[in-house]
Amino acid sequence: MPAELSPIDTAKFAAARRAVDLVQDGMKLGLGTGSTAAWMVRCLAERVREEGLRVQGVPTSTRTADLARALGIQVVTLDEAKWLDLTIDGADEFDADFNLIKGGGAALLQEKIVATASDRMVVIADAAKEVAHLGAFPLPVEVIPFGWQSTKMLIEETLEGMDVLGREVTLRLSGDAPLLTDEKNYILDLHLKRIGEPRQLGVALNQIAGVVENGLFIDICDTVVVGHGDGRVSLRDLQSGQAEEGSIDMDRARNIFADLGD
Ligand code: 5RP
């Protein structure tokens, strides 16, 4: 791993590192998916190694499970853990109410199950993820492969009655074939540009037969930790109103990420 991080990786690292400070000994944790969540797994593994922190992690994807295991974090299933103290995950967008779009990494189903089975969900993100209105990032919707084209038509029909600016729906591909989620489902990306009523849209999408889950996380996230390219980091908690500004000592951190494996 290079001794210098790009500004975007510095931002992700800073957010991840601050969020991992929230982890206490003995906690059961939800481990998110994506590049920011991968930094979180590395920082968590560092605390496990250095401090002897004892945690159990429930990964939200096979990618995260592989990384966590490789770095020495104890991995358990959600059925084994049953309920979690804290989930730390990335997001594609978040708004002022901490509503989210997730699923850019196609893991939204396990991510939503794990986050809603947690006392607290903390989102870690770089500053570009904060938006006034959700929807510039295409909204991922996980659908059953059986009859997916009919499901797509029903989604398009539903969007006609919704407060959105765009209505294009595309099947996510991996090469020439449909991308398969960990649950062997497909992802439809909804290019909505701006979502006026995220709660209403989330409910309407989940009523369509064939839709497994959508990437709108409404009233699920409690805390957002935002990292910046210079190592500054801010933490905001919705319920307590806590707002904290700080910065990660990137000179000290450099020793850590230089030691961390990919
Ligand atoms: C995966 C997700 C990710 O959290 C989201 O896509 C953000 O990823 P990254 O941290 O790489 O920007 O929802 O399904």
Side-chain angles (χ1 to χ4, degrees), residues 5-20 29-44 57-68 78 86-95 98-116 118 121-131 134-143 172-174 178-192 195 198 202 205 211-218 220-229 233 257 260 262:
L5 293 184
S6 66
I8 187 76
D9 274 329
T10 301
K12 292 176 182 189
F13 175 83
R17 183 133 168 77
R18 174 64 189 91
V20 163
L29 301 170
L31 307 176
T33 293
S35 55
T36 321
W39 280 117
M40 177 273 296
V41 172
R42 293 181 186 114
C43 291
L44 180 65
V58 175
T60 51
S61 63
T62 48
R63 272 165 289 162
T64 298
D66 291 347
L67 181 64
L78 184 56
L86 171 66
T87 284
I88 306 176
D89 200 350
D92 298 301
E93 286 185 348
F94 68 93
D95 69 11
F98 295 0
N99 292 322
L100 318 172
I101 287 185
K102 285 187 53 56
L108 68 99
L109 178 57
Q110 291 187 20
E111 289 173 336
K112 199 181 270 192
I113 294 171
V114 165
T116 55
S118 304
M121 183 198 193
V122 174
V123 158
I124 48 177
D126 56 275
K129 305 284 181 64
E130 181 161 12
V131 296
L134 299 177
F137 191 91
L139 175 65
V141 177
E142 182 153 348
V143 300
R172 198 180 298 181
L173 300 176
S174 172
L179 179 139
L180 283 184
T181 68
D182 276 351
E183 311 297 329
K184 307 278 181 274
N185 293 319
Y186 292 173
I187 296 281
L188 295 175
D189 288 307
L190 280 46
H191 302 262
L192 308 175
I195 302 171
L205 288 170
V211 168
V212 182
E213 191 48 86
N214 71 82
L216 285 166
F217 283 46
I218 310 294
I220 294 175
C221 171
D222 303 285
T223 308
V224 168
V225 182
V226 175
H228 298 268
V233 65
F257 63 69
L260 300 173
D262 265 326

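Excluded from the calculations below are hydrogen atoms, water molecules and symmetry mates; all remaining heavy atoms, backbone and side chain alike, are included. Whatever order the structure lists them in is the order used to number ligands and atoms, beginning at 1.
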Report task. Could you list the atoms of ligand 1 found under 4.0 angstrom from a heavy atom of Gly104? Result -> 6 (O), 13 (O), 14 (O)
Report task. Report yes or no: does a heavy atom of Ala91 sit under 4.0 Å from some atom of ligand 1? Result -> yes
Report summary line: Taking every heavy atom of Asn99 against every heavy atom of Leu134, the minimum-distance pair comes out as O-CD2, 3.7 Å
Report task. Heavy-atom contacts with Asp92 under 4.0 Å: which atoms of ligand 1 show up? List them by number with element. Result -> 5 (C), 6 (O), 7 (C), 13 (O)
Query raised in the report: Among protein heavy atoms, which lies nearest atom 10 (O) of ligand 1, and at what distance?
Result: Thr36 OG1, 2.5 Å
Report task. Taking the side chain as every heavy atom from C-beta outward, state whether Leu216 and Ile101 have any pair of such atoms under 4.5 Å apart. Result -> yes
Query raised in the report: How long is the span from the CZ atom in Phe98 to the CE atom in Met121, to the nearest 0.5 Å?
Result: 12.0 Å
Query - Asp89 side, atom CG; Phe217 side, atom CZ - distance, nearest 0.5 Å - result: 7.0 Å
Query - Ligand-residue contact atoms, ligand 1 with Asp89, heavy atoms, under 4.0 Å - result: 4 (O)
**Report entry** Where ligand 1 meets Thr33 - atom numbers and elements under 4.0 angstrom, heavy-atom basis
**Finding:** 1 (C), 2 (C), 3 (C), 4 (O)
Report task. Quick one: pull up CD in Glu111 and CD in Glu213 and give me the separation to the nearest 0.5 Å. Result -> 11.5 Å
Report task. Under 4.0 Å from a heavy atom of Gly34: give me the atoms of ligand 1 that qualify, with their elements. Result -> 11 (O)
Query raised in the report: Relative to atom 14 (O) of ligand 1, which among Gln110, Glu111, Lys112 owns the nearest non-hydrogen atom?
Result: Glu111
**Report entry** Within-4.5 Å side-chain heavy-atom neighbours: Leu86 and Val122
**Finding:** yes
Report task. Taking the side chain as every heavy atom from C-beta outward, state whether Asp9 and Lys12 have any pair of such atoms under 4.5 Å apart. Result -> yes
Report summary line: Checking heavy atoms under 4.0 Å, the part of Ala106 that sits near ligand 1 is backbone
**Report entry** Identity of the nearest option to atom 13 (O) of ligand 1, non-hydrogen atoms only, from Gly103, Ala38, Gly105
**Finding:** Gly103
Requested in this report: Within a distance under 4.0 Å of any heavy atom of Gly90, pick out the atoms of ligand 1 and give their elements.
Outcome: 4 (O)
**Report entry** Residue Lys129 vicinity, atoms of ligand 1 by number, heavy atom under 4.0 Å
**Finding:** 9 (P), 12 (O)
Query raised in the report: Would a 4.5 Å heavy-atom cut-off, applied to side chains only, mark Leu109 and Thr181 as touching?
Result: no
Query raised in the report: In terms of residue, atom name and distance, what is the protein heavy atom nearest to atom 11 (O) of ligand 1?
Result: Ser35 OG, 2.5 Å
Query raised in the report: What distance separates Phe137 CZ from Leu100 CG, expressed to the nearest 0.5 Å?
Result: 12.5 Å
